[in-house]
Amino acid sequence: MPELPEVETIVCELRAQCLGRSITSAELLRGDMLKRTADTFDSFAAFFMGRFFQGIDRTGKFITFHLDNGNKLIAHLGMTGKFISAKNGDPDPAHLCSRYRFADGGWLGHVDIRRFGRLELYRSDEEIESLKGLGIDPLSSQFEADSLLKFVHSPGGNKRRTRAVHTLLMDQSLIAGIGNIYASEALYLAGIRPSRHGGKLTKRDRERLAEAVVQVLRASIRACGTTISDYRRVDDKPGSFKEMLAVYGRPGEPCQACGSEIKKVKIGGRSAFYCGKCQR
DNA sequence: CCAACGTCCTGCGTGC
DNA sequence: TGCACGCAGGACGTTG
């Protein structure tokens, strides 16, 4: 499940793979992946033909491909999305959703087994709606403990939030890029229970949590992300952060700090993992 | 306005 | 052995 570190890894590799290569054709093989516009197989192809990728960047878990004419392709990988680098004659992988062929014979494939991901096309200066509502990127220089004040109070109201901090961490409109894995890992590092109400976080909690978020995301980027099952880099190699996970996917194992058993609970319909002794 | 829940989708593990 | 079922989860739409 690509979260911020996995998407960051993929974007770096996409830049190295794709920037400046002339696109001769593009195919939309799964029309249901394209949202927002009613482009057809033909207009999708025309959108890319004769162009090249001038820049590729990440906002939260979204990838923006900037074409040289100012148009943009937005991609979200959902649960099982990935990009693969292939050469002329390579067989189509299963679940190929879209493909971008380059003049040198190579192509970039976009694969998504469960199709929770999405593609969007934007022409010239259209506002990118999918990025508009996103919260702060935790790797930006503006991210600090005060960024988590939104966890305590809603922007407008005075009432303290009752949603679990685990759920708040995954709310893309508050912080962009954290999913289920890094929510559990950051809360473990910060010593905070995932079920704790956002409104009950102290200033000290928010400082520790903000620091933990940055720490775990940066560490995972250094390991090229976490491969549990589906996530793969563009070169098909797995990320290696799985072995560094302290609690996610480790129910019943001893906590590395205190030795007590790691617990698994459902919060907001999602699995959260924590140490009942270290996290309060 | 805020929160909670159902929905989409496929592959894999479990139990009968 | 084979089948049915439950589970995994990001974002969005609907409901409370």
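Note that the coordinates shown come from a computational prediction; the quantities given were computed from them, not determined experimentally. Numbered from 1 within each chain, the chains take letters A, B, ... in sequence-line order.
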Residue pairs passing the ring-ring contact (aromatic ring centres under 6.0 Å, His included) test with at least one member in residues 241-270 of chain A, sequence neighbours excluded, are Y248(A)-F273(A)

Describe the nucleic acid contact of T80(A) in one word from base, sugar-phosphate, nothing, applying a heavy-atom distance below 4.0 Å.
nothing

Check ring pair (Phe, Tyr, Trp, His ring centres under 6.0 Å) between F44(A) and all other residues, then give those that pass, not counting sequence neighbours.
F48(A)

Any side-chain heavy atom of L67(A) within less than 4.5 Å of one from F52(A)?
no

Considering only nitrogen or oxygen atoms on both sides, find all protein atoms under 3.5 Å from nucleotides 3-6 of chain B and state each distance.
residue	atom	partner	partner atom	Å
dA3(B)	OP2	R161(A)	NH1	2.8

What are the 5'-most and 3'-most nucleotides of DNA chain C lying under 4.0 Å from any heavy atom of chain A?
dA8(C) to dC12(C)

Between R118(A) and Y248(A), the residue closer to the 5' end of DNA chain C by nearest nucleotide is Y248(A)

For the helix from dC2(B)-dG16(C) to dC16(B)-dG2(C), measure the angle between the helix axis at one end and the axis at the other, each built from five pairs, rounding to 10°.
50°

Grab the CE-P distance between M79(A) and dG11(B) for me, whole Å please.
13 Å

Taken to the nearest whole Å, CG/L77(A) to C1'/dT10(B) is 17 Å

For atom CD of E207(A), is the number of surrounding heavy atoms from other residues, nucleotides or ligands below 6.0 Å larger than 12?
yes

Contact summary for P2(A) and M79(A), nearest pair of heavy atoms:
CD-O, 3.3 Å

In whole angstrom, give the distance that lies between atom CZ of R114(A) and atom P of dT10(B).
10 Å

Checking R161(A) now: which residues fulfil salt bridge (Lys or Arg N to Asp or Glu O under 4.0 Å) with it, not counting sequence neighbours?
none

What nucleic acid atoms does K266(A) come within less than 4.0 Å of, heavy atoms only: base, sugar-phosphate, or nothing?
sugar-phosphate

Give a yes or no on this: more than 12 heavy atoms of other residues, nucleotides or ligands lie within 6.0 Å of atom NZ of K35(A).
yes

Closest non-hydrogen contact found for G117(A) with D112(A) is N-OD2, 3.1 Å

Using the rule side-chain contact (heavy atoms from CB on, under 4.5 Å), only one of V111(A), I10(A), L77(A) pairs with K82(A); which is it?
V111(A)

Provide, to the nearest angstrom, the distance between the CG atom belonging to D32(A) and the P atom belonging to dC8(B).
13 Å

Considering every strand and a 4.0 Å limit on heavy-atom distances, what is the contact class for K264(A): base, sugar-phosphate, or nothing?
sugar-phosphate

In terms of side-chain heavy atoms, does Y182(A) have a donor or acceptor partner in T226(A) at a distance below 3.5 Å?
yes

What's the CE-C1' distance between M33(A) and dT10(B), to the nearest Å?
13 Å

Name of the residue among F83(A), Y122(A), F47(A) meeting ring pair (Phe, Tyr, Trp, His ring centres under 6.0 Å) with F65(A)
F83(A)

Would you indicate, yes or no, if dG11(B) has its OP1 or OP2 atom less than 4.0 angstrom from a side-chain nitrogen or oxygen of H95(A)?
yes

